[in-house]
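Reading through the structure tokens given below for one structure.
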Amino acid sequence: MKKIAVLFGWIGFDKNKNMNGPSAGAKYLFQGLTQYSKYDIDFFAKSCFDEDIKNNMKKYNHSIIIDDFINNYDIIHIVNDISITLNVSQFTDKIMLGPNVIFSYPCTNVKKKIAKFPHLKHKILMEDEICNKKFDTVLICNDDLIHIYKVRMKYYNKIISFPYGINTYLFHPNQEINRTYITSIVPSNQKGLALLTKTKKLLPIELQSKWIFYDNSNKYEHGSKEHIDILQTTKIFVSGSAYETQGLATFEALSCGCPVVICSYTYKKDSDDNVSLLNPIYFNNKMSIIVERDPEKIALAILELYNDDDKINDMMIKSRDYIVNNFSLETMATQYDKIIDTF
């Protein structure tokens with residue numbers, strides 16, 4: 001039986017009880033593997049403040065990466081940290097990387113990117129260094145990114161699509177609650193704040209009053225009763241993310257039975273200048289309406305859907321079934337085990 005070390009830079013809640021998408025994905029991965037994986041796995045984190053998981057998490061620091069540590073594991077999986085990757089890769093190439101180590105996908109022209117984002121110079125150079133190292137397996141969020149990684153990663157054995165699962169037992173519908181709200185989680189313009197603010201103004205006053213934005217000034221604790229209540233009372237969930245490949249917030253909404261209006265996302269090909277719009281790969285018109293990034297088209301989709309109760313009820317059932325059947329923690333762990341089987 002293979003033995004695996006899974007290394008996290010961050011996971012779950014931070015000390016201020018905040019959680020972003022990658023740290024939520026890391027927590028879901030931990031939950032799925034501890035409950036359902038057939039493999040012997042040790043988990044390490046640089047820091048862990050989350051009460052739900054910290055008792056099962058070993059402390060990671062760079063000094064533990066010595067010969068005895070490397071030899072004790074058949075596979076070392078680094079989930080979401082650049083500095084851990086650079087440290088461990090000095091000693092071994094039996095590394096499974098990702099899916100959240102590299103976020104900005106270093107361009108082939110590093111100097112050009114540094115000129116465009118001088119404040120990110122250190123991170124860009126670290127990511128470029130990673131792209132020039134050797135790894136056995138690279139995990140990515142979805143199939144759309146395979147071409148990008150094949151161009152930019154210099155030495156690897158396999159590049160595999162591995163979407164995160166979510167906790168479908170925590171995020172579930174409540175048939176006894178009346179759904180009335182339009183909901184968006186928009187912490188930044190990258191997530192669609194400006195776009196959806198313009199869209200909201202195009203709706204009738206009655207619908208404007210039902211649309212709630214959760215941003216940096218209007219927060220909730222991830223996975224709390226408040227969070228679940230928000231999604232269970234949502235009639236339409238609207239995502240305006242510019243880079244939506246697999247948004248966990250959207251998947252959590254679908255798991256609660258929310259029909260989704262979601263925008264096409266920006267897809268970067270071989271360079272930062274080669275950009276196109278694609279439909280989000282994990283979404284289809286059975287449980288979502290995919291629209292262009294245009295306020296008028298988004299508003300029209302919301303208007304047409306909001307008063308069509310038959311369509312909403314049908315989409316609610318299909319939304320929940322789709323997530324349970326394809327993105328539960330158990331499904332994620334099963335796919336993970338199949339990847340490990342290939343080593």
Side-chain angles (χ1 to χ4, degrees), residues 3-35 37 39-66 68-70 72-73 75-92 94-104 119-127 129-130 133 135 138-141 162 164-167 170 185 187-188 191 216 219-224 227 246-249 252 329 332-333 336:
K3 190 168 184 180
I4 307 159
V6 177
L7 311 183
F8 301 99
W10 65 97
I11 180 171
F13 290 114
D14 64 18
K15 60 184 177 181
N16 297 315
K17 298 292 286 183
N18 295 319
M19 187 189 304
N20 60 19
S23 59
K27 183 173 181 177
Y28 288 142
L29 179 65
F30 170 83
Q31 290 174 330
L33 297 184
T34 52
Q35 293 179 58
S37 176
Y39 282 105
D40 181 10
I41 304 176
D42 289 334
F43 298 92
F44 298 82
K46 288 201 315 192
S47 62
C48 182
F49 298 93
D50 196 312
E51 296 293 335
D52 293 341
I53 57 179
K54 70 178 185 180
N55 291 335
N56 296 306
M57 193 70 56
K58 299 179 181 181
K59 178 68 176 177
Y60 172 88
N61 58 65
H62 290 332
S63 64
I64 72 170
I65 304 301
I66 55 178
D68 288 344
F69 180 92
I70 296 295
N72 197 36
Y73 296 101
I75 303 163
I76 298 176
H77 177 195
I78 306 171
V79 178
N80 59 5
D81 191 271
I82 292 176
S83 64
I84 292 177
T85 302
L86 291 176
N87 182 52
V88 176
S89 60
Q90 297 178 70
F91 304 97
T92 181
K94 60 180 182 182
I95 294 173
M96 187 160 70
L97 188 71
N100 281 139
V101 173
I102 300 173
F103 290 100
S104 53
H119 61 293
L120 296 177
K121 178 179 178 179
H122 181 63
K123 182 179 179 181
I124 292 169
L125 290 174
M126 290 175 72
E127 291 186 340
E129 185 177 349
I130 288 174
K133 287 185 172 291
F135 302 101
V138 180
L139 302 183
I140 58 176
C141 292
F162 177 72
Y164 281 125
I166 69 164
N167 190 335
L170 179 64
I185 298 173
S188 65
K191 294 295 184 181
N216 290 325
K219 294 183 177 181
Y220 54 82
E221 182 180 307
H222 185 274
S224 64
H227 185 189
Q246 186 209 348
L248 290 179
E252 290 161 356
L329 296 182
M332 173 177 60
Y336 189 90

N/O donor-acceptor pair under 3.5 Å between Ser37 side chain and Thr34 backbone: no

Check step by step if side-chain contact (heavy atoms from CB on, under 4.5 Å) holds for Val88 and Ile95. CA-CA 8 Å; Val88 176; Ile95 294 173; 3.9 Å; yes

Value rounded to 0.5 Å, distance of CD1 in Ile53 from SG in Cys48: 4.0 Å

Taking all non-hydrogen atoms of both residues into account, name the closest pair between Gly32 and Met332 and its distance. CA-CE, 4.2 Å

Check for a donor-acceptor pair, side chain of Glu129 on one end and backbone N or O of Leu125 on the other, with a separation under 3.5 Å. no

Consider only side-chain N and O atoms of Ser47 and Lys15, and report whether a donor and an acceptor are under 3.5 Å apart. no

Side-chain donor/acceptor of Ser23 to backbone N/O of Met19, under 3.5 Å: no

Dump the intermediate steps for side-chain contact (heavy atoms from CB on, under 4.5 Å) on Leu139 and Met96, then the final yes or no. CA-CA 7 Å; Leu139 302 183; Met96 187 160 70; 3.9 Å; yes

Relative to Phe30, does Lys27 satisfy both conditions: NZ or CZ under 6.0 angstrom from the six-membered ring centre, and within 45 degrees of the ring's axis? no

Residues Val6, Val79; criterion side-chain contact (heavy atoms from CB on, under 4.5 Å); working and verdict: CA-CA 7 Å; Val6 177; Val79 178; 3.6 Å; yes

For the backbone of Ile4 and the side chain of Asp42, can you confirm whether one donor and one acceptor N or O come within less than 3.5 Å of each other? no

Would you confirm whether Asn16, through its side chain, and Asn18, through its main-chain N or O, come within 3.5 Å as a donor-acceptor pair? no

Please evaluate residues Asn56 and Phe43 with respect to the criterion side-chain contact (heavy atoms from CB on, under 4.5 Å), reporting the C-alpha separation (whole Å), side-chain torsions for both, the decisive distance (0.1 Å), and the verdict. CA-CA 7 Å; Asn56 296 306; Phe43 298 92; over 6 Å; no

Testing the basics here: between Phe162 and Pro99, what is the closest heavy-atom pair and its distance to 0.1 Å? O-CG, 4.2 Å

Mind checking whether Tyr336 and His77 have ring centres under 6.0 Å apart? yes

How are the rings of Phe44 and Tyr73 set relative to one another: parallel (under 30°), tilted (30 to 60°) or perpendicular (over 60°)? perpendicular

Minimum heavy-atom distance between Asn167 and Tyr28, given as atom pair plus value: N-CE2, 3.5 Å

Spatial distance of atom CG (Leu97) from atom CD1 (Ile140) [nearest 0.5 Å]: 11.0 Å

Working to the nearest 0.5 Å, report the span between CD of Gln35 and CD of Gln31. 6.5 Å

Could you give the distance from CG (Asn100) to CD1 (Ile78), rounded to the nearest 0.5 Å? 13.5 Å

Backbone N or O of Asn61 within a donor-acceptor pair of the Lys46 side chain at under 3.5 Å? no

Under 3.5 Å, side chain of His222 to main-chain N/O of Gly12, donor-acceptor pair present? no

Consider side chain to side chain contact (heavy atoms under 4.5 Å, CB included). Of Glu127, Lys133, His62, which one does Leu86 pass it with? Lys133

Enter the distance from Ile102:CD1 to Thr85:OG1 here, rounded to the nearest 0.5 Å. 7.5 Å

Is the closest side-chain heavy-atom distance between Ile66 and Phe91 below 4.5 Å? no

Note: Glu221 and His227 closest approach over all heavy atoms is O-CB, 3.6 Å

Would you check if there is a donor-acceptor pair between the side chains of Tyr60 and Asp81 at a distance under 3.5 Å? no

For Lys121, does the NZ atom have more than 12 heavy-atom neighbours from other residues, nucleotides or ligands under 6.0 Å away? no

